[in-house]
Chemist: 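Before I ask anything, here is the structure I am working with.
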Amino acid sequence: MRAYTPKDDVQAKSYYTDRYYVAPQVPKQEVETDEAFAADLAALKEKFEVKEAFIQMKQMIVYINANDIYGVLEFLRDELTYTQLSEMSAIDWLAKDNTFEIFYQMLSMTKRKRLRIKFFINNGDAVDSVEKLFRCADWSEREMFDMFGIEANNHPFMKRILLPYDWQGNPLLKTYPLEGDEFAAWYEVDKIYGKEARDVIGPEIRDTARVDRYDSERFARLGFEVPKGTEITGNEEPNNQDYQEEGGVFLIKKFTKESSKIIDDPQR
Amino acid sequence: MAQHKVNYTQDGGLPVALTSIDKIVNWGRSNSIWALTYGLACCGIEMMASGASRFDFDRYGTIFRASPRQADVMIVAGTLTKKHAEFIKRLYDQMTEPRWVISMGSCANTGGMFNTYATVQGCDRVIPVDLYLPGCAPRPETLQYGVMLLQKKIRANKAGNAQKPKRLM
């Protein structure tokens, strides 16, 4: 029997994918293979519950509980010298088990180590803000809110950062179509002219292969223009357009191609 | 005989030119198209190059202005995002009539390669456009040609009449 695949990923792929393809996993190493990471993990395990920990690509990945995040990052910053929050965001696993995976990429300049703190939250739950620990988390958490709709508790300014404040939808969700939903499609029309103008302006044309039979009448090849309605065969006579009208322009010297100087040398 | 006397019958005729109001007004308009500085993306670099010394827009009388109230033509150079759409409309409304719009490059014409939720699929969904320049990005020569075509268009229309609305909204 054919394996069931969730159909709610609407970012449909038009290219061929192998049904039996299994994405290769980056090999995982034990934490004990690295002394510095092993010491960090031991210190972390004394104070917080660690669900899983391993090393991938020379970086340690630690899974913790969602409500420990502020304490863990504070401990990492103050005790274990992971003083930089390089990046934080979320991963959409809604189709799999209705959860988000949140990650915090940390960097220790003294140890020259990178460490990733991860945890899962359910759809609709909020995370604790770490903005008080790392100023850079301010914008990262706003971006996470903008793109995934995950709110951060105790954030000083929990508003969208990239999209306009009146936007609806969270574009980095896998259920969000790349070309936008109905709200996105009519956003500028609704906002500027009102919903009544939808009929006048019409829907967006997003078909890149669209051929309009009137294009040959409306748009002509430069230098081969023909009058409107003429059937274009491709063997038109050149119709060199002058920049100025036939009779010349009042008070302006007539530009003629014969009198102009053409510079062939591009390195002039 | 006075030293600076002009011999009207011989030295190039009378220092008088006869023309119509339309022609003199359009002559002035078409040779002083002040453009609004409106670089939205990489096309803006080509627009700046057109204004700089190598291509030199000043000789067409096209001078970039930083205020829509002093501008005649809006050169939409770059990707118009949905967040920015209301501002392009507001800036267009602030320009005094007669006003023209050049849509420069694929993104401003049709949305271009940005077939995404955040890009307006052609700036003509928001403001009326007079001239579309193809290219990604168009070379400065294309913009020069576009400005010359716009001059031709201005001269072809009557000067006195108020501009007809280009789209009824």
Side-chain angles (χ1 to χ4, degrees), chain A residues 11 146-147 160-173 176-194 196-198 200-210 218-219 221-223 241-252 255 263 268, chain B residues 17-20 22-28 30-31 54 60-61 80-90 92-93 106 109-128 132-134 142 144-156 167-169:
Chain A
Q11 292 188 14
D146 199 356
M147 293 293 156
R160 285 182 183 274
I161 186 167
L162 293 170
L163 291 162
Y165 289 156
D166 56 350
W167 191 266
Q168 292 171 18
N170 304 101
L172 272 189
L173 294 179
Y176 194 91
L178 177 64
E179 299 179 356
D181 51 12
E182 161 125 14
F183 173 84
W186 293 103
Y187 176 77
E188 74 274 16
V189 175
D190 287 355
K191 185 158 191 185
I192 298 171
Y193 297 108
E196 310 79 54
R198 284 187 181 193
V200 184
I201 294 173
E204 291 177 331
I205 297 164
R206 286 183 179 270
D207 182 5
T208 47
R210 181 174 179 269
R218 290 172 187 152
F219 303 103
R221 211 146 54 96
L222 211 60
Q241 293 283 308
D242 273 337
Y243 291 132
Q244 290 161 356
E245 290 83 343
E246 201 57 34
V249 182
F250 174 60
L251 284 181
I252 306 273
F255 171 81
I263 301 168
R268 66 191 185 277
Chain B
L18 294 177
T19 184
S20 64
D22 276 345
K23 275 194 176 168
I24 188 86
V25 169
N26 280 335
W27 168 76
S30 66
N31 290 295
R54 191 185 182 101
Y60 300 92
L80 179 63
T81 58
K82 300 225 172 190
K83 191 177 183 178
H84 194 78
E86 60 172 315
F87 306 120
I88 199 175
K89 170 70 174 156
R90 193 188 297 172
Y92 178 77
D93 288 344
S106 302
N109 292 343
T110 64
M113 61 191 260
F114 297 105
N115 192 4
T116 68
Y117 61 91
T119 310
V120 177
Q121 301 295 300
C123 70
D124 52 1
R125 289 178 63 76
V126 183
I127 53 173
Y132 298 87
L133 302 183
T142 317
Q144 285 180 328
Y145 181 64
V147 167
M148 288 172 116
L149 282 184
L150 184 65
Q151 289 181 330
K152 211 169 164 181
K153 177 175 179 170
I154 292 169
R155 286 194 293 261
R167 184 167 65 195
L168 290 172
M169 281 304 307

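Just so you know, these numbers use all the heavy atoms, side chains as well, and skip hydrogens, waters and symmetry mates. Below, chain A is the first sequence line, B the second, and so on; all start at residue 1.
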Chemist: With under 30° as parallel and over 60° as perpendicular, where do the rings of A/Phe183 and A/Trp167 fit, or are they tilted in between?
Modeler: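 Ring orientation, 0 to 90° scale: perpendicular.
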Chemist: Only pairs of heavy atoms separated by less than 4.5 Å count here; which of B/Thr110, B/Thr81, B/Thr116, B/Asn26 has the most with chain A?
Modeler: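 Highest number of heavy-atom pairs under 4.5 Å: B/Thr116.
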Chemist: List the atom of B/Ala85, the atom of A/Glu188, and the distance in Å for their closest heavy-atom pair.
Modeler: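 Shortest heavy-atom contact: CB-CB, 3.6 Å.
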Chemist: Quick check on B/Thr119 against chain A: is it the side chain, the backbone, both or neither that has a heavy atom closer than 4.5 Å?
Modeler: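 Contact with chain A: backbone only.
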Chemist: Say whether B/Asn115 and A/Arg206, considering side chains only, have a donor N or O and an acceptor N or O under 3.5 Å apart.
Modeler: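 Distance-only check passes for B/Asn115 and A/Arg206.
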Chemist: Could I get the full list of ring-ring contact (aromatic ring centres under 6.0 Å, His included) partners for A/Trp186, not counting sequence neighbours?
Modeler: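 For A/Trp186 there are no ring-ring contact (aromatic ring centres under 6.0 Å, His included) partners, ignoring immediate neighbours.
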Chemist: With sequence neighbours excluded, tell me which residues meet ring-ring contact (aromatic ring centres under 6.0 Å, His included) with B/Phe114.
Modeler: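 Residues passing ring-ring contact (aromatic ring centres under 6.0 Å, His included) with B/Phe114: none at all.
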Chemist: Is chain A contacted by the side chain of B/Lys89, its backbone, both, or neither, given a heavy-atom distance below 4.5 Å?
Modeler: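 For B/Lys89, the contact with chain A is made by the side chain alone.
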Chemist: Side chain, backbone, both or neither: which part of A/Leu163 has a non-hydrogen atom closer than 4.5 Å to chain B?
Modeler: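 Contact with chain B is through both the backbone and side chain of A/Leu163.
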Chemist: What residue in A/Asp181, A/Val189, A/Leu162, A/Asp166 has the most heavy-atom pairs under 4.5 Å with chain B?
Modeler: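 Winner by heavy-atom pair count: A/Leu162.
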